[in-house]
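So the structure is just underneath, and the comments pick up after that.
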Amino acid sequence: MIWIYIVISIAANICFADDGHEMEEFLKREYSLSKPYQGIGASGSSHWELMGDAMVTTDQVRLTPDMQSKQGAVWSRIPCHLRDWEIQVHFKIHGKGKKNLNGDGMAVWYTKERMQKGPVFGNKDYFTGLGVFVDTYPNEEKHLEAQKKRYTPRTQRIFPYVLAMVGNGTISYDHERDGRPSELGGCNAMVRNLKHDTFIFIRYVRRRLTIMIDVDGQHEWRDCLDIPGVRLPQGYYFGVTAITGDLSDNHDLISLKLYQLTVLRSKQEEEQEEEVTVPSVDNIDLYRPYPDAEGMSSVAIFFTVLFSMLGLFLLIVVGLVVYSHWSESRRKRLY
Ligand SMILES: *[C@@H]1O[C@H](CO)[C@@H](O)[C@H](O)[C@H]1NC(C)=O
Ligand SMILES: [Ca+2]
């Protein structure tokens, strides 16, 4: 947090008089969305466009109601050409479902594509750009439970879970595994049915992606993810989408505020930051430590094999005993 204030105050001192309204100076209204949501959805009259089951009310943009099989979205109409930015998303997820009987979640996007329905929290799969998901339903856990398998402790996570993914148009989001194979990282965020406000914060500065959340009602940002070397092209669209399936929730967007950050770069830095055309993450393998949650560790494999062999041995012994008994009694009967 200190760092961001330094960035802002340096930038503010250079670009504007230090009049105490630095944040205001950076708010880009054309990329922001807040009450009273004038003209959203009406064609052409707003910077934002609605899709699917999304509906504007006086207090929120309701992306989905608490009903099965809905999906909705709101997308910016204008591509964002800012190099360094920060968005604060004020949202609310609530519904009648008890814990883990609700779903599926919502997502904040900065992508090349816009206004396309699909399975990834209401957006298309094989997207190009950044997706930050608030996943409220543990698909993988339920899947493993059904197969009577267990998580190893290192892969266990608590839902709702915030997760980030960078797609380049050829990577699929694995819904059944809650996106683990393609994740950059994330954090737990208890966001459902809360009385206080909940926020997610995404900052992209000097190719560093930082995600923080404020969901505890303490007015404090909590670290969620922070990784360097994230290459995102300019000129993509911001959007927020949500989806329900067999399970549901109200997914409400209350506001989205985009701030332009002015960051000074040395000549050397300028040269190093050549233009990006395809989204990518440097050293991506570092961020995907659990390639196969269903796979077993070598110790587990050893014991499984050992016990299988012991079991087989026991079966053979029992079989032999039963057989010899049977053949003996047969012999007796024959005489
Ligand atoms: C997209 O990412 C995948 C996995 O990291 C990589 O194999 C592929 O080459 C990338 N495609 C492009 C067009 O960069
Ligand atoms: Ca899920």
Side-chain angles (χ1 to χ4, degrees), residues 63-64 66 68-71 91 93 95 97-113 118-147 151 155-192 200 207 209 224 227-233 235-236 241-249 251 274-294:
L63 299 167
T64 75
D66 189 3
Q68 291 184 327
S69 304
K70 300 285 178 192
Q71 55 174 295
F91 67 97
I93 300 178
K98 297 234 161 52
K99 189 179 185 296
N100 284 354
L101 285 174
N102 63 286
D104 271 284
M106 59 181 278
V108 182
W109 302 94
Y110 173 71
T111 52
K112 187 176 177 179
E113 307 87 6
V120 191
F121 300 94
N123 190 19
K124 65 168 282 190
D125 201 3
Y126 300 101
F127 61 88
T128 314
L130 172 70
V132 177
F133 313 138
V134 183
D135 186 351
T136 56
Y137 184 75
N139 296 74
E140 182 172 73
E141 191 178 305
K142 297 292 168 193
H143 176 72
L144 291 180
E145 250 173 50
Q147 296 188 327
Y151 272 116
T155 57
Q156 176 87 61
R157 60 179 52 162
I158 300 163
F159 278 72
Y161 198 80
V162 174
L163 181 148
M165 168 176 170
V166 169
N168 65 11
T170 67
I171 308 169
S172 176
Y173 171 81
D174 188 344
H175 183 256
E176 292 309 308
R177 294 193 55 199
D178 302 306
R180 286 188 190 224
S182 57
E183 74 166 312
L184 289 181
C187 62
N188 160 249
M190 304 312 270
V191 294
R192 283 192 75 234
I200 191 157
R207 300 209 166 147
L209 176 69
C224 182
I227 51 175
V230 177
R231 296 163 191 266
L232 297 173
Y236 281 12
T241 68
I243 195 167
T244 66
D246 292 339
L247 300 166
S248 64
D249 256 333
H251 295 97
E274 74 283 11
E275 193 167 349
V276 180
T277 52
V278 180
S280 67
V281 180
D282 298 349
N283 306 315
I284 184 88
D285 297 335
L286 292 179
Y287 305 107
R288 294 176 182 166
Y290 314 124
D292 188 0
E294 290 187 41

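Index from 1, following the sequence. Counting starts at 1 for both ligands and their atoms, following the listed order.
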For atom CD of Glu275, decide whether the heavy atoms of other residues, nucleotides or ligands shown that lie under 6.0 angstrom number more than 12. no

Between Ser248 and Asp66, what is the shortest heavy-atom contact and its length? OG-OD1, 2.6 Å

Identity of the nearest option to atom 10 (C) of ligand 1, non-hydrogen atoms only, from Val278, Asn168, Thr128: Asn168

Asp135 atom OD2 and Asp178 atom OD1 as seen from the Ca ion (ligand 2), angle to 10 degrees: 80°

Sidechain-backbone polar pair: Thr136 side chain, Asp104 backbone, donor-acceptor under 3.5 Å: yes

Selected option - heavy-atom contact closest to atom 5 (O) of ligand 1, from Ile171, Asp285, Thr277, Val281: Ile171

With a 4.0 Å cut-off, strictly under, does atom 14 (O) of ligand 1 pick up any protein heavy atom? yes

Aromatic ring pairing Phe133/Phe121, orientation class (parallel under 30°, perpendicular over 60°, tilted between): parallel

Tell me whether Arg231 is salt-bridged to Asp282, with the criterion being a basic N under 4.0 Å from an acidic carboxylate O. yes

Vertex the Ca ion (ligand 2), ends Asn139/OD1 and Tyr137/O: angle to nearest 10° comes to 80°

